Amino acid sequence: MRDILLLQDKLHAIVTDFGWEWPAKAILEHPRDAKHGDLATNLAMVLTKQAGMPPRQLADKLAAELAARMHGEVSAEIAGPGFLNITFSPAFWQESVRDVETEGAHFGASRTGNGRKILLEFVSANPTGPLHIGHGRGAAVGDSMARLLRFAGYEVTTEYYTNDAGRQMRLLGVSVYLRMRELCGLPVDWPEDYYHGDYIRDIAQEMLTQNPALPGMPEDEAREACYQYAMNSIMDGIKQDLSTFRVSHQNWFSEKSLVDAGKVEATLEDLKNRNLAYEKDGALWFATTRFGDDKDRVLRKSDGLLTYFSSDIAYHANKFQRGYEELIDVLGADHHGYVPRMKAAISAMNHDPDKDFSVTLIQLVNLLRGGEQVAMSTRSGEFVTLAEVLNEVGVDAARFMFLSRKSDSPLDFDLELVKQRSLDNPVYYVQYAHARISALLRRAADKGLALPSRSDSALLSRLVQSEDVALLRAVERFRDTVEEGAAARAAHGVSFYLMDLAGRLHSYYANIPVLAGEDRELIVARLALLRAVRQVLANGLDLLGVSAPDTM
RNA sequence: GCGCUCGUAGCUCAGUUGGAUAGAGCGACAGCCUCCUAAGCUGUAGGCCGCAGGUUCGAUUCCUGCCGGGCGCACCA
């Protein structure tokens with residue numbers, strides 16, 4: 001980050017001073033391999049025509065100029081057909097340690113989000129049963145995205161949307177009601193569709209204990225009571241599970257409240273008034289094809305009932321009305337067919353469907369145990385709940401696993417592997433790095449080595465060995481990771497960064513006996529470096545919602 | 001059939017505005033603890049980046065077609 005900004009600046013000045021135009025195609029990138037230097041640019045190559053000299057000669061000229069202007073802070077080397085490999089002096093990287101010491105838990109944070117107001121909606125599972133592992137993945141992804149975006153300077157509000165107005169909820173009420181009748185030994189005529197899970201029976205039993213007269217009440221009344229009770233009970237369970245998973249939503253938004261307030265009808269009226277909705281075959285249609293959808297979509301069915309789509313439109317319109325500039329929905333990937341019509345709706349609200357709205361799709365989680373598939377289905381009631389999974393493998397391991405993959409690729413979640421404390425399960429690798437540094441710092445304190453809270457440049461100037469510099473560079477790279485992750489609206493890059501940083505730390509630890517030797521100043525300088533690494537590990541883990549233990 | 005998406009080492013995956021000799025872990029093989037936590041480290045082997053074209057100085061990346069996997073195509077939720 002600092003390296004790119006600085007170099008961008010210098011090179012721009014040089015190019016301008018030479019009377020050339022800064023080319024759009026110029027790149028500045030981190031070489032994959034340290035042996036090529038810290039940064040590379042193809043500037044010489046793309047300037048060849050303008051400058052009227054061959055790339056090699058031009059690269060020479062740029063390198064010399066750069067070195068002269070930066071007083072030995074950098075050295076540049078020519079490679080390939082006109083690439084310039086630039087290496088910063090160790091002093092440049094040592095500054096990063098001071099930045100970490102100054103900024104602490106905020107190191108890596110930025111203001112690029114510029115306070116943009118984002119509403120991030122995630123999980124939003126219907127309260128018809130406990131959360132399962134797929135919801136867990138959405139929860140981890142959404143929560144970490146919120147943390148990351150806030151860290152990058154966005155103003156994020158998280159929200160859980162409850163579909164508490166539709167058919168599924170009626171079904172829930174019926175299921176509990178019938179189960180209760182069954183428990184009383186009354187005859188039960190089971191419909192085709194109802195919820196089977198044990199939790200339904202538990203809820204029915206609870207209600208019965210509290211109010212034994214319930215099955216004798218008029219059916220409508222009893223069902224309504226069942227529905228209310230069941231929903232509240234299940235919502236409480238969901239909130240409990242999310243809280244265990246370290247996920248918190250700021251808002252809980254009810255679909256029913258939207259319907260009751262007439263917002264959905266108002267939205268439909270608005271669409272009709274603007275000639276975007278029309279009646280056909282007794283149903284009300286939204287002309288989404290005008291905004292690029294495959295076909296028009298139904299808003300109100302011919303039986304008079306509203307579709308979920310219509311309340312979703314009202315809901316999203318409501319989000320914008322509340323002042324949010326950008327909406328992010330985290331959805332199961334099986335909803336991807338839903339994205340074009342929602343984008344159409346966003347366009348109809350006069351918002352940019354690409355900039356002001358995005359959908360993060362969460363692919364399926366294959367729950368395995370020792371390589372064997374574990375069946376899951378809410379309806380049939382055979383499933384492993386999120387709570388059970390967390391209880392078995394722990395929150396840290398589960399969150400890290402969910403976040404160590406792009407969210408839109410399917411994920412095998414093998415309970416045996418995630419439980420294992422091995423490299424198949426990198427969360428321990430990263431946490432171990434943090435714990436190792438803590439152990440080292442404790443040991444140093446025991447030996448009476450005093451570590452200043454702020455290191456000065458003279459002290460840090462001792463960090464010049466290639467191992468030291470490699471670690472310094474890795475610390476600085478955290479800022480880029482945050483920027484890139486926030487720009488992509490995805491947190492999994494942080495996991496990969498942490499695994500890389502932890503790897504470098506373990507390697508460093510194995511190769512450099514930090515506390516050995518007589519050179520106290522060097523020891524202290526290295527401890528300062530490691531303390532900075534530990535801070536960055538902690539900051540990164542916090543973005544993932546994973547703990548950073550001091551001992552393991 | 002139409003649409004979306006993915007195809008990178010034996011396995012699981014990184015690689016986002018097109019850049020150099022494509023990376024990591026696991027697994028395999030060979031090493032490293034009288035020494036700061038071996039939950040660790042070092043090294044070796046392993047690649048037509050699905051296939052074929054196109055765009056250009058340059059393509060794993062962009063475009064087209066094909067092959068293969070996943071998902072979606074209701075007046076469902």
Side-chain angles (χ1 to χ4, degrees), chain A residues 24-29 31-33 35-36 40-42 45-46 48-49 55 79-85 126 128 163 166-169 171 193 280-285 293-309 312 332-340 361 363-364 404-406 408-412 414 417 420-433 435-444 446-447 484-485 487-490 492-493 495-497 499-500 502-503 505-516 523 526-527 530 551-552:
Chain A
K25 284 173 126 180
I27 57 157
L28 267 177
E29 62 156 12
R32 292 186 188 84
D33 200 318
K35 74 190 166 192
H36 292 307
T41 174
N42 63 349
M45 205 154 70
V46 296
T48 291
K49 249 181 218 166
F83 276 85
L84 209 51
N85 291 334
N126 285 354
T128 55
N163 284 122
R167 201 179 84 89
Q168 294 301 316
M169 298 314 296
L171 218 54
D193 259 354
K280 192 184 104 187
D281 302 333
L284 182 67
W285 298 72
D293 197 7
D294 293 348
K295 51 168 130 175
D296 291 347
R297 307 290 172 175
V298 174
L299 294 166
R300 189 195 295 114
K301 298 182 278 179
S302 53
D303 65 6
L305 291 178
L306 296 172
T307 60
Y308 269 87
F309 182 43
D312 281 346
D334 53 340
H335 289 76
H336 78 254
Y338 173 87
V339 175
L361 294 173
Q363 268 290 355
L364 206 69
S404 61
R405 192 135 316 174
K406 268 187 314 197
D408 62 348
S409 54
L411 172 72
D412 284 341
D414 193 313
L417 287 181
Q420 237 175 61
R421 304 186 153 198
S422 75
L423 270 179
D424 289 325
N425 188 13
V427 63
Y428 295 110
Y429 188 73
V430 176
Q431 290 183 318
Y432 185 41
R436 257 186 158 172
I437 296 173
S438 293
L440 208 53
L441 292 172
R442 280 194 300 271
R443 200 167 180 95
D446 290 346
K447 290 177 80 168
E484 287 162 15
R489 308 282 190 265
H492 73 273
S495 310
F496 285 91
Y497 167 78
M499 286 187 261
D500 180 75
L505 181 275
H506 288 309
S507 175
Y508 184 85
Y509 186 91
N511 290 317
I512 308 272
V514 176
L515 295 178
I523 293 173
R526 284 180 164 157
L527 288 172
L530 292 179
T551 58
M552 283 177 79

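Proteins get letters first, then strands, A, B, ... in listed order; numbering begins at 1 in each. It should be emphasised that the depicted structure is a prediction, and the values quoted were computed from it without experimental measurement.
- Listed nucleotides C75(B), A39(B), C36(B) differ in distance to Ser302(A); the shortest reach to its side chain belongs to C75(B).
- When the C1' atom is used for both G23(B) and C4(B), the distance is 29 Å, rounded to whole Å.
- Between the P atom of C36(B) and the CZ atom of Arg526(A) lies a distance of 17 Å, rounded to the nearest Å.
- Applying the side chain to side chain contact (heavy atoms under 4.5 Å, CB included) rule to Ala435(A) yields the partners Met552(A); only residues at least two apart in sequence or on another chain are considered.
- For the pair Asp281(A) CG and A74(B) C1', the computed distance is 14 Å after rounding to whole Å.
- At whole-Å resolution of the value, CG in Leu515(A) and C1' in C36(B) are 5 Å apart.
- The side chain of Asn42(A) has G19(B) as its nearest neighbour among G19(B), C75(B), A38(B).
- The side chain of Arg436(A) contributes an N or O atom lying less than 4.0 Å from OP1 or OP2 of A38(B).
- Computed from coordinates, the Gln431(A) CD to G40(B) C1' distance equals 15 Å when rounded to whole Å.
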Quick test: give all pairs of protein nitrogen or oxygen and nucleotides 1-10 of chain B nitrogen or oxygen below 3.5 Å, distance rounded to 0.1 Å.
| from | atom 1 | to | atom 2 | distance (Å) |
| --- | --- | --- | --- | --- |
| G3(B) | N2 | His336(A) | NE2 | 2.8 |

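- Using C1' as the reference atom, G46(B) and C26(B) are 13 Å apart when rounded to the nearest Å.
- To the nearest angstrom, P of C13(B) lies 8 Å from CG of Leu411(A).
- Side-chain atoms of Leu530(A) and Leu505(A), non-hydrogen and from C-beta on, do get closer than 4.5 Å to each other.
- Residue Tyr429(A) has a polar side-chain atom (N or O) positioned under 4.0 Å from OP1 or OP2 of C41(B).
- Remark: His492(A) is in phosphate contact with G15(B), judged by side-chain N or O atoms under 4.0 Å from OP1 or OP2.
- Side chain Asn85(A) to base A20(B): a donor-acceptor pair is found below 3.5 Å.
- Residues passing the side chain to side chain contact (heavy atoms under 4.5 Å, CB included) test with Asp303(A) are Lys301(A), Leu305(A), sequence neighbours excluded.
- Partners of His506(A) according to the side-chain hydrogen bond (donor to acceptor under 3.5 Å, both in side chains) rule, which considers only residues two or more places apart in sequence or in another chain, are Arg436(A).
- Taking atom P in both G47(B) and A22(B), the straight-line distance is 13 Å, to the nearest Å.
- Ranked by how close their nearest RNA chain B nucleotide is to the 5' end, Ser404(A) and Tyr509(A) are led by Ser404(A).
- Contacts of Asn126(A) classified as side-chain hydrogen bond (donor to acceptor under 3.5 Å, both in side chains), with partners at least two apart in sequence or in another chain: none.
- Only the C1' atoms considered, A14(B) is 36 Å distant from A77(B), to the nearest whole Å.
- Taking 4.0 angstrom as the limit, Lys295(A) places none of its side-chain polar atoms (N or O) nearer than this to OP1 or OP2 of C75(B).
- Remark: the separation of the C1' atoms in G25(B) and C41(B) is 15 Å, to the nearest Å.
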Pairing pattern in dot-bracket form [Watson-Crick, G-U; both distances under 3.5 Å; | = partner strand] for RNA chain B: (((((((..((((.....[...)))).(((((.......))))).....(((((..]....))))))))))))....

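- By the side chain to side chain contact (heavy atoms under 4.5 Å, CB included) test, Ala283(A) is found to be paired with Trp285(A), Val298(A), residues two or more places apart in sequence or in another chain being considered.
- A syn orientation is assigned to C33(B), its glycosidic angle lying within 90° of 0.
- At whole-Å resolution of the value, CZ in Phe496(A) and P in A24(B) are 14 Å apart.
- Listed by chain and residue number, Glu265(A) satisfy the side-chain hydrogen bond (donor to acceptor under 3.5 Å, both in side chains) test with Arg300(A) (two or more places apart in sequence, or in another chain).
- Leu171(A) is not listed as a side-chain neighbour of Thr128(A), based on a closest heavy-atom distance of 4.5 Å or more.
- Distance Leu417(A) CG to C13(B) P: 12 Å, rounded to the nearest Å.
- For Asp500(A) and G40(B), the CG to C1' distance is 16 Å, given to the nearest whole Å.
- Across the P atoms, C66(B) and G1(B) are found 10 Å apart, a figure rounded to whole Å.
- Contacts of Ala516(A) with the nucleic acid, taken as non-hydrogen atoms under 4.0 Å apart, are absent.
- Put simply, Ser507(A) has a side-chain N or O that comes within less than 4.0 Å of OP1 or OP2 on U42(B).
- With rounding to the nearest 0.5 angstrom, the CD atom of Gln363(A) is 8.5 Å from the CG atom of Asp334(A).
- At the heavy-atom level, Leu505(A) lies nowhere under 4.0 Å from the strands shown.
- Comparing U5(B) with G19(B), their C1' atoms are spaced 27 Å from each other, to the whole Å.
- C62(B) and C49(B) are spaced 16 Å apart, taking the C1' atom of each and rounding to whole Å.
- Between Arg405(A) and Ala488(A), the residue anchored nearer the 5' end of RNA chain B, judged by the nucleotide with its closest heavy atom, is Arg405(A).
- One finds the OH atom of Tyr308(A) at 6.0 Å from the CD atom of Gln168(A) (value rounded to the nearest 0.5 Å).
- Closest heavy-atom contact between Ser404(A) and Phe496(A): O-CZ, 3.5 Å.
- Residues passing the side-chain hydrogen bond (donor to acceptor under 3.5 Å, both in side chains) test with Asp312(A) are Tyr338(A), sequence neighbours excluded.
- Here Pro513(A) lies in heavy-atom contact (under 4.0 Å) with a base.
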